[in-house]
Amino acid sequence: MNTEQEVLIEAREVEKRYPNGTLALKGVSLAINRGEVVCIIGPSGSGKSTLLRTLNALESISSGEILMDGISVHAAKTDLNALRTHAGMVFQQFNLFPHMTALENIMLAPVEVLKLPAAQARSRAEALLAKVGLADKAGNRPAQLSGGQQQRVAIARALAMQPRVMLFDEPTSALDPEKVGEVLDVMKDLAAEGMTMVVVTHEMGFARAVADRVLFMDRGELVYQDAPEAFFTSASNERLRAFLGQVA
Ligand code: ADP
Ligand code: MG
């Protein structure tokens, strides 16, 4: 475990108001250390996806500041393409390119964005497919893969950019129940290797077992955060207790 406590991502008093007037984030401040695994839980509509998307500038912010490796994410002069290669993103819907094989999906961004020679991108993609347990599926298109396999390809695709942090937005919510475990196992391996991870999830067992810290969001606010043991057993926060009571 990394004990240096070096901050990788910092959000300072972030507010996000969508053009339709919805205030999705209200003064959210947080710091995520290098090597840390942070899980975010909370009711639907509480701003979890919005927060995740602001971290790599997929979403603008209305006020406040977000720093990634000390770089101000939303500053006008920031090179967003370079910045986004630092953060790998995995969504509920896997968003693989349907006409490409698993291998081609993983090779695409390293070749197009990083300008990696094809042979190098290929060997990197093959290694990542092996890492997520899909070495024998390199030639399959998404339609020829199960949901769990597609999501593992999506994780490999994000890792191919060698990101500094992996952002997961409910990565197992669209899966059949029997496919959830295989995706969580890949994520557990990543965490054990020291990857910095921010994971929006409803999988309380995963949060409890893997997270270094769990955050609770409600109505656009970061209401409570603690280490998993304290978070799930002794949190004194009433809104969190009510939420945990509902999902338990
Ligand atoms: P969660 O991921 O926790 O379910 P979201 O971040 O998706 O929450 O949404 C937070 C709030 O912002 C909700 O009220 C939602 O309806 C609203 N919202 C999300 N995306 C948009 C958008 N593109 N335009 C307007 N409102 C949005
Ligand atoms: Mg969401």
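Remember, it's 1-based here, ligands and their atoms both numbered in the order they're listed.
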Taking both backbone and side-chain atoms into account, decide whether Thr50 has an N/O/S atom under 2.8 Å from the Mg ion (ligand 2).
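Here the distance criterion (N, O or S atom, under 2.8 Å) is not met by Thr50, so no.
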Any pair with a residue in residues 130-143 that passes side chain to side chain donor-acceptor pair (under 3.5 Å), sequence neighbours left out, goes on the list, sorted by first then second residue, please.
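Found Lys131-Glu193.
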Taking only heavy atoms of [X], which atoms of ligand 1 are found under 4.0 Å from at least one of them?
| X | result |
| --- | --- |
| Ser46 | 1 (P), 3 (O), 8 (O) |
| Pro43 | 3 (O) |
| Ser44 | 4 (O) |
| Thr50 | 5 (P), 6 (O), 9 (O), 10 (C) |

Protein contact for atom 16 (O) of ligand 1 (heavy atom, distance under 4.0 Å)
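No, there is no protein heavy atom closer to it than 4.0 Å.
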State whether the side chain of Thr233 and the backbone N or O of Glu229 hold a donor-acceptor pair below 3.5 Å, judged by distance alone.
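Flag set: sc Thr233 to bb Glu229 pair under 3.5 Å.
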Are any side-chain N or O atoms of Ser46 and backbone N or O atoms of Gly220, one a donor and one an acceptor, separated by less than 3.5 Å?
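Flag not set: sc Ser46 to bb Gly220 has no pair under 3.5 Å.
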Quick one: which of Ala24, Ser49, Gly45, Gly21 has a heavy atom closest to atom 4 (O) of ligand 1?
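When every heavy atom of Ala24, Ser49, Gly45, Gly21 is considered, Gly45 comes closest to atom 4 (O) of ligand 1.
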Distance alone, cut at 3.5 Å: any donor-acceptor contact between the side chains of [X] and [Y]?
| X | Y | result |
| --- | --- | --- |
| Ser49 | Asp169 | yes |
| Lys16 | Ser60 | yes |
| Glu15 | Ser62 | no |

Can you tell me the protein heavy atom closest to [atom] and the distance?
| atom | answer |
| --- | --- |
| atom 3 (O) of ligand 1 | Lys48 NZ, 2.7 Å |
| atom 8 (O) of ligand 1 | Gly47 N, 3.1 Å |
| atom 14 (O) of ligand 1 | Thr22 CG2, 3.6 Å |
| atom 26 (N) of ligand 1 | Tyr18 CD1, 3.3 Å |

Passes side chain to side chain contact (heavy atoms under 4.5 Å, CB included), Leu184 versus Val180? Steps please.
CA-CA 6 Å; Leu184 294 181; Val180 169; 3.6 Å; yes
By the ring pair (Phe, Tyr, Trp, His ring centres under 6.0 Å) test, which pairs, at least two apart or in different chains, include something from residues 164-219?
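Non-adjacent pairs meeting ring pair (Phe, Tyr, Trp, His ring centres under 6.0 Å): Phe216-Phe243.
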